[in-house]
Amino acid sequence: MSFAESFSTEFMFAAGVAAAAFLAGLLYLRSRARRTRSVGLKVAGGPKNMRFKCAGCSGQFTHSRQTLASWERGNRTFYCKACRTKANGEKRRTRR
């Protein structure tokens, strides 16, 4: 009796289905995993560093939701909250 003959057809079919289900689950989890490095695959957009240098005062600041949204729109010049408030106030005064 050979190795292949010792297993029943039902057992071989069940083992094949289990292996296919395991492989499908593994591929699904890998597709949903966050990519931390680019190996020819698309990675989540965003700045490489979570800190930016203010274009107004040259201070180092952590990105906020507003600066991250600005990054997604294509802007690469960021201002801290104080410089942005000061610039917006000057714009309002010149419009009047």
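Sequential numbering from 1 along the given sequence is applied to the chain's residues.
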- Query: What distance separates Ser70 OG from Phe78 CZ, expressed to the nearest 0.5 Å?
  - Reply: 5.0 Å
- Task: To the nearest 0.5 angstrom, please state how far the OG1 atom of Thr62 sits from the CZ atom of Arg51.
- Result: 4.0 Å
- Note on the structure: Between the CZ atom in Arg84 and the CD atom in Gln66, the distance rounded to the nearest 0.5 Å is 4.0 Å
- Note on the structure: One should read off an interatomic distance between Tyr79 OH and Lys53 NZ, to the nearest 0.5 angstrom, of 13.0 Å
- Contacts of Asn49 meeting side chain to side chain donor-acceptor pair (under 3.5 Å) (sequence neighbours excluded), chain-then-number -> none
- Output the distance between atom CZ (Phe61) and atom NZ (Lys81), rounded to the nearest 0.5 Å. 12.0 Å
- Query: Can you check whether Trp71's main-chain N or O pairs, donor with acceptor, with Arg76's side chain at less than 3.5 Å?
  - Reply: yes
- CA sep, side-chain torsions, deciding dist, call: Lys86, Cys83, side chain to side chain contact (heavy atoms under 4.5 Å, CB included): CA-CA 5 Å; Lys86 187 168 83 172; Cys83 291; 5.5 Å; no
- Which value, rounded to the nearest 0.5 Å, describes the distance between Tyr28 atom OH and Leu23 atom CG? 15.5 Å
